[in-house]
There are 2 protein chains.
Amino acid sequence: MSESAPRPTLEAVAARAGVSRATVSRVVNGFDGVREPLAERVRRAVDELGYVPNQAARSLVTRRHDAVAVIVAEPETRVFADPFFARQLRGISKELTAHDNQLVLLLTEDRDDHARVARYLAGGHVDGALVFSLHIDDPLPGLIQRAGLPTVFGGRPHWNGGEDGVRYVDTDNRGGARDAVRHLLSLGRSRIAHITGALDQTSAVDRLDGFRDVMADPDPALVEEGDFTAASGERAMRELLGRRPDLEAVFAGNDLMAAGALRALREHGRRVPDDVAVVGFDDMLPIAEQTEPPLTTVRQDIEEMGRLMARLLLRDLEPGTAPDETAGAGPSGVVLPVTLVRRASA
Amino acid sequence: MSESAPRPTLEAVAARAGVSRATVSRVVNGFDGVREPLAERVRRAVDELGYVPNQAARSLVTRRHDAVAVIVAEPETRVFADPFFARQLRGISKELTAHDNQLVLLLTEDRDDHARVARYLAGGHVDGALVFSLHIDDPLPGLIQRAGLPTVFGGRPHWNGGEDGVRYVDTDNRGGARDAVRHLLSLGRSRIAHITGALDQTSAVDRLDGFRDVMADPDPALVEEGDFTAASGERAMRELLGRRPDLEAVFAGNDLMAAGALRALREHGRRVPDDVAVVGFDDMLPIAEQTEPPLTTVRQDIEEMGRLMARLLLRDLEPGTAPDETAGAGPSGVVLPVTLVRRASA
DNA sequence: CCCGGCGGCGAGAGCGCTCTCGCCGCGTGC
DNA sequence: GCACGCGGCGAGAGCGCTCTCGCCGCCGGG
């Protein structure tokens, strides 16, 4: 009882079914070339013994692991605390398990971790990697690229993704920003301010670009940089109100900053949306619904993003694909659509 | 170039250093019994060739994987969307990587997934499991227990944890609830209502028990069941106001419900905290800080909880421990302290 | 009726590692 | 000075699987 029953091996199944190991292997892996009466006998033996293949032994010879690393480079608690991460993971997980792949999670915070991650990837424990790295000075993408593993990035990487066939999935930040600003225009507002996110992240840059697309040559006084936190949104809003008391609307780079902006507006006696209309980004629940008033915002399908990343990666891992020449086949960057969600704030 | 360089094997390192495989193995794994001049030669060979051990081959013989499964049973999007999950994972990840263990993430939603998880665990790909399963009717804990893997649960399991040495880590929900209610009493409020969480979860039950500990024999009209969502908090608050318009304070089972309650109170023209004081639970950021007014709440160190779970599990995995007799050694349930965070709502 | 072909199955050689065992050389005790 | 012991190192046997190869039996064609 204290000796846990030794797990049955292929050998044991073969013996019980009265066939060779090779035949059992064929049946277990669904290869054809085994005729029915025999195959059935093997399947019964597998059931009776409760046989489960030893993945280590299998990997040793196939050099596949059916496992994918998900690497999240997040030194800051902020992003970690938001629900995005969980949703993306969920999407990734669904897609991976649908294809019998495991998800190995690597969270990194500092430089030391980078070495560890690099070593892990070089160790060949996984077949590919999904990488979330937001900041411009992050050495991680380089390290990973060097490891030579098939990789898909979450969010457009900095080094001009698409260039050398770097695969990534991103939301349509720029288009979403345009939608948001156009919506404000359609409300009859013309003096529209923008609170940017942390501009060392492509998402923030793209949203700013979208804002500029529509506002063509906006008053610099109407743009203030934030860092995606509520506190920064509040501060930025005060700044903006000081510079342009006549502003009629704000497009915040995310919902958290929008929430902060709402507080500053309330503090300054501005009514939302009557005096100032506010639009956020992300549709970050439950924040976006809980603010006063609830936020009009740009929703991205974050779970789908995860799913898509996984799908792209798995496609690269298929035996057909050339191992090194990942470029060329298929799109290197995929951009997911967004939708404007109208609530009370604009 | 298109042929990725074949990874060097132990054999190759041995050849280069002019020693046997066994000696290289000893050096690589830090066993002693290799004298200095030789050991140094081996280390140099390892460096020069960039040797990284093949984990699959190693696992095959050691039957260890240095990997732990984290299983999250979460059919509902709700909990998934909250930041807890990410924080816990972070704590777990830190502890695991500190001990060179990998984190394999398994997310389950429906019954089909259970079978898959059970199969995976039975497959012996991981050395242990950390399990988050909230609901009373979840068959997962049973399945996992049956797999015979060392396991630590996040949150007190339903089947009377501690009974047969089931290991778990939980927050002091009951004590935290007592603190919250006592705080309200200290504010001079006596007609205190409670909005419970979903009572099929032990955390909700324990918080209710804590409420009752202090309020000894409370008016049933002052207790209303919610389900941890903001909407349920709002509804429950309306209900309570209808039944007991004279209530002076509310202890909500979590911050989300507290946020909902705030809305209902505002809608009914009650000022917070002047007319009605509100206390939440979790200190779920950024929600708790963003409400109007910001929430007084009970904070739990969720990251520490994850870290502790991992630590407990790793201890069980140490070679010293008897593989099956996990009971007996050390505490089977660990309860983490909480702290009351005072903000404006109470 | 004989021969070639083909498809089903078994034999066996590894994949890269760990770990036991035994050998050998050195130091120590009498 | 000799036997004994002990510690350092190498040889070799697997761990459980996949996959190539070759054998054998069955079929069809000449």
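Reminder, nothing fancy here: chain letters follow the sequence lines and each chain counts from 1.
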Which of dC19(D), dC17(D), dC17(C) is nearest the side chain of Phe31(A)? It is dC19(D)
Distance in angstrom units between Glu11(B) CD and dG12(D) C1', rounded: 12 Å
Side chain of Val61(B), heavy atoms from C-beta onward: which of dC15(C), dC9(C), dC17(C) has the nearest atom to it? dC17(C)
Confirm from the modelled atom types if Arg26(A) and dG8(C) form a donor-acceptor pair under 3.5 Å, side chain to base only. no
Stepwise, does the side chain to side chain contact (heavy atoms under 4.5 Å, CB included) test hold for Leu103(B) with Val68(B)? CA-CA 5 Å; Leu103(B) 193 170; Val68(B) 166; over 6 Å; no
Which is true for Arg63(B) with a 4.0 Å heavy-atom rule: it touches a base, it touches only sugar-phosphate, or it touches nothing? sugar-phosphate
Full working for side chain to side chain contact (heavy atoms under 4.5 Å, CB included) between His114(A) and Thr108(A): CA-CA 7 Å; His114(A) 288 344; Thr108(A) 77; 3.8 Å; yes
Estimated bend of the helix from dC1(C)-dG30(D) to dC30(C)-dG1(D) (axis per five terminal pairs, rounded to 10 degrees): 50°
For the atom pair CG (Asp113(A)) and OG (Ser93(B)), what is the distance rounded to the nearest 0.5 Å? 7.5 Å
Supply the atom-to-atom distance Phe85(B) CZ to Leu107(B) CG, rounded to the nearest 0.5 angstrom. 5.0 Å
Please list, by residue number, the residues of residues 117-129 of chain A whose heavy atoms come closer than 4.0 Å to an atom of DNA chain C; answer none if no residue qualifies. none
Ignoring backbone atoms, test whether Ser20(B) places a side-chain nitrogen or oxygen under 4.0 Å from the OP1 or OP2 oxygen of dG10(D). yes
State the CG-OH distance between Leu149(B) and Tyr120(B), to the nearest 0.5 angstrom. 10.0 Å
For DNA chain D, whose closest nucleotide is more 5', that of Ala56(A) or that of Gly18(B)? Gly18(B)
Whole angstroms only, please: what is the NE2-C1' distance between His65(B) and dT18(C)? 14 Å
Any side-chain N or O of Thr23(A) under 4.0 Å from OP1/OP2 of dG10(C)? yes
Arg58(B)-Asn29(B) side chain donor-acceptor pair, cut-off 3.5 Å: yes
Looking only at the side chain of Val19(A) (C-beta and beyond, no hydrogens), which of the listed nucleotides dC17(C), dG10(C), dG10(D) gets closest? dG10(C)
How many Å lie between CZ on Arg21(A) and P on dG12(C), as a whole number? 10 Å
Specify the separation, in whole Å, of atom CG of Leu10(A) and atom P of dG10(C). 13 Å
Tell me whether Asp47(B) at atom CG has more than 12 heavy atoms from other residues, nucleotides or ligands lying less than 6.0 Å away. yes
Which nucleotide in the set dG16(C), dC9(D), dC17(D) lies at the smallest distance from any side-chain heavy atom of Thr9(A)? dC17(D)
Derivation and outcome, side chain to side chain contact (heavy atoms under 4.5 Å, CB included), residues Arg167(A) and Phe153(A): CA-CA 6 Å; Arg167(A) 290 203 187 292; Phe153(A) 286 85; over 6 Å; no
Rounded to the Å, how far apart are Gln55(B) CD and dC15(C) C1'? 15 Å
Salt bridge (charged side-chain N to carboxylate O under 4.0 Å, His left out) between Glu95(B) and Arg311(B), intermediate numbers included: CA-CA 7 Å; Glu95(B) 189 69 21; Arg311(B) 201 170 306 154; 3.2 Å; yes
For a quick test of reading the model: is some side-chain N or O of Ser25(B) closer than 4.0 Å to OP1 or OP2 of dC17(C)? no
Whole angstrom value for the distance that separates C1' of dC19(D) from CG of Leu60(A): 13 Å
Take Met305(A) and Leu336(A), measure what side chain to side chain contact (heavy atoms under 4.5 Å, CB included) needs, and give me the verdict at the end. CA-CA 7 Å; Met305(A) 182 171 167; Leu336(A) 262 48; 3.8 Å; yes
May I have the distance from Arg35(B) (atom CZ) to dG27(C) (atom C1'), rounded to whole angstrom? 11 Å
Phosphate oxygens OP1/OP2 of dT18(C): is one of them under 4.0 Å from a side-chain N or O of Asn29(B)? yes
Roughly how many Å is it from CZ in Arg58(B) to P in dC17(C), rounded to a whole number? 8 Å
